[in-house]
Asker: 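Pasting a structure here, questions to come.
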2 protein chains.
Amino acid sequence: MTLFARHGYAAVSMRQIEGEVGVQAGALYNYTTDKQSLLFDLFKRHMVDLRTALDAQPPSASPQDRLEAFARFHIRFHLERPQAVFISYMELRNLTPENFRVIEELRRRYEGVLEAILETGRDAGAFHVADTRVTALAIIAMLTGINTCYRSGVRLSLAEVEAIYWDMVRKAVT
Amino acid sequence: MTLFARHGYAAVSMRQIEGEVGVQAGALYNYTTDKQSLLFDLFKRHMVDLRTALDAQPPSASPQDRLEAFARFHIRFHLERPQAVFISYMELRNLTPENFRVIEELRRRYEGVLEAILETGRDAGAFHVADTRVTALAIIAMLTGINTCYRSGVRLSLAEVEAIYWDMVRKAVT
DNA sequence: GCTGGTTCTGAACAAACGTTCAGTTAACCT
DNA sequence: AGGTTAACTGAACGTTTGTTCAGAACCAGC
């Protein structure tokens, strides 16, 4: 994961990975069938973890509370795993077509959760959004971009950044 | 550019590029010194074009107008060049360290424009932002993510998407 | 028709790639 | 101590990589 995140899937050789785990060329094939499935497994684990952690969140009643819970959850989850997030956004095109479809579907389902929150909120008159799908994608793009904050040297605590981002999301949809 | 955007820098061979322009292996070295400089030139051209186009925008008086002009400009510029944008966000790590520093500096200067707009707006009492740098990065992440809209099959016109995004930015900072 | 200068071909280079596998080593159970 | 299984080594495989370069092909001006 570290190597893929740092140099990219295509730029990392099996020998580099094997060197990193302290083993000679070829030994990794006792644990994986492919270089490709190393990448796919990282993707799949990340997406499954994401969904599992989301479903484990305590339920909220009002749309506002559900949106806040989602935003704060998304921020924290992504800040805790910068490498896995990085890979999940950069290496999609290095998945084989069938593997891509699997991950794409998992991602779509996650985005659908936010979309559903926005829909019920709009129908209840709590949110003002023109298009729930576009708004959901915009929010997720903004929240996921949070990782570039720290990479660009901002010196704020997790709680501070979380507060700033949630504030922007809240205002953007009301 | 098409090949780098589609498969990634590391996954594209010189022979593929040469095949695409209709020439045999090695002929490209009459025009470039390196594979690396092909990538760097794409980056540099994109960043210079971005800054040139921004500076050519008619100036606005109030912070609100300046923010609106910036947001609409950014959306349109990025929607018109999905491939160059894609490369500029995905292939940063495939630049050599010295090339990376050059591009990083150009990017920082562009982000600085938005940051300055937010600062003057905040000082004038027009915007409510806790941290101009974090907010600037959040806005840019959201706006740049606009390209994933079309990739994910949203059927809206440029003007409609532009309106939705500008509306979210406006509300998020006031 | 020749000359001078670009531009292209296509083979060649060493290095690195993903992957396989026969053979050695280590670990565990009895 | 002996036997079975799992794990690792290190060489080998055929390809492909970025890059170089001698020679062929082309095109201008005279």
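Convention: sequence-line order gives letters A, B, ...; per-chain numbering from 1.
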Asker: Please determine whether a side-chain nitrogen of the Lys or Arg among B:Arg109 and B:Glu105 lies less than 4.0 Å from a carboxylate oxygen of the Asp or Glu.
Answerer: yes
Asker: Strictly under 3.5 Å: I want the nitrogen or oxygen pairs between protein and nucleotides 19-25 of chain C, one per line.
Answerer:
unit_1	atom_1	unit_2	atom_2	d
C:dT19	OP1	A:Asp34	OD1	2.8
C:dT19	OP2	A:Tyr29	OH	2.6
C:dT19	OP2	A:Lys35	N	3.0
C:dT19	O5'	A:Tyr29	OH	3.2
C:dT19	O4	A:Arg15	NH2	3.2

Asker: Reading DNA chain D in the 5' to 3' direction, which nucleotide is the first one with an atom under 4.0 Å from a heavy atom of chain B, and which is the last?
Answerer: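 Answer, 5' to 3': D:dT17 to D:dT20.
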Asker: Within the distance-only criterion (no hydrogens, no angle test), does the side chain of A:Gln36 pair as donor or acceptor with the backbone N or O of A:Thr96 below 3.5 angstrom?
Answerer: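 Present.
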Asker: Quick one: is C:dC8 close enough that its OP1 or OP2 comes under 4.0 Å of any side-chain N or O from B:Gln24?
Answerer: no
Asker: How long is the line joining NE2 of A:His7 and P of C:dC17, in whole Å?
Answerer: 12 Å
Asker: Classify the nucleic acid contact of A:Val12 as base, sugar-phosphate or nothing, counting any heavy atom under 4.0 Å across all strands shown.
Answerer: sugar-phosphate
Asker: Would you say the side-chain atoms of A:Tyr9 pair up with the backbone N or O of A:Ile87, donor to acceptor, closer than 3.5 Å?
Answerer: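 Checking the backbone N and O of A:Ile87 against the side chain of A:Tyr9, no donor-acceptor pair under 3.5 Å is found.
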Asker: Working to the nearest 0.5 Å, report the span between CG of B:Leu114 and CZ of B:Arg133.
Answerer: 10.0 Å
Asker: Salt bridge or not for A:Asp167 and A:Arg170, using N-O below 4.0 Å?
Answerer: yes
Asker: Is it the case that atom NZ in A:Lys171 sees more than 12 heavy atoms from other parts of the structure closer than 6.0 Å?
Answerer: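 Enclosed.
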Asker: Crowded around B:Gln57 CD? As in, over 12 foreign heavy atoms under 6.0 Å?
Answerer: yes
Asker: Indicate yes or no for a side-chain donor-acceptor contact from B:Thr144 to the backbone of B:Ala141 under 3.5 Å, with no hydrogens or angles considered.
Answerer: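 No; zero donor-acceptor contacts below 3.5 Å.
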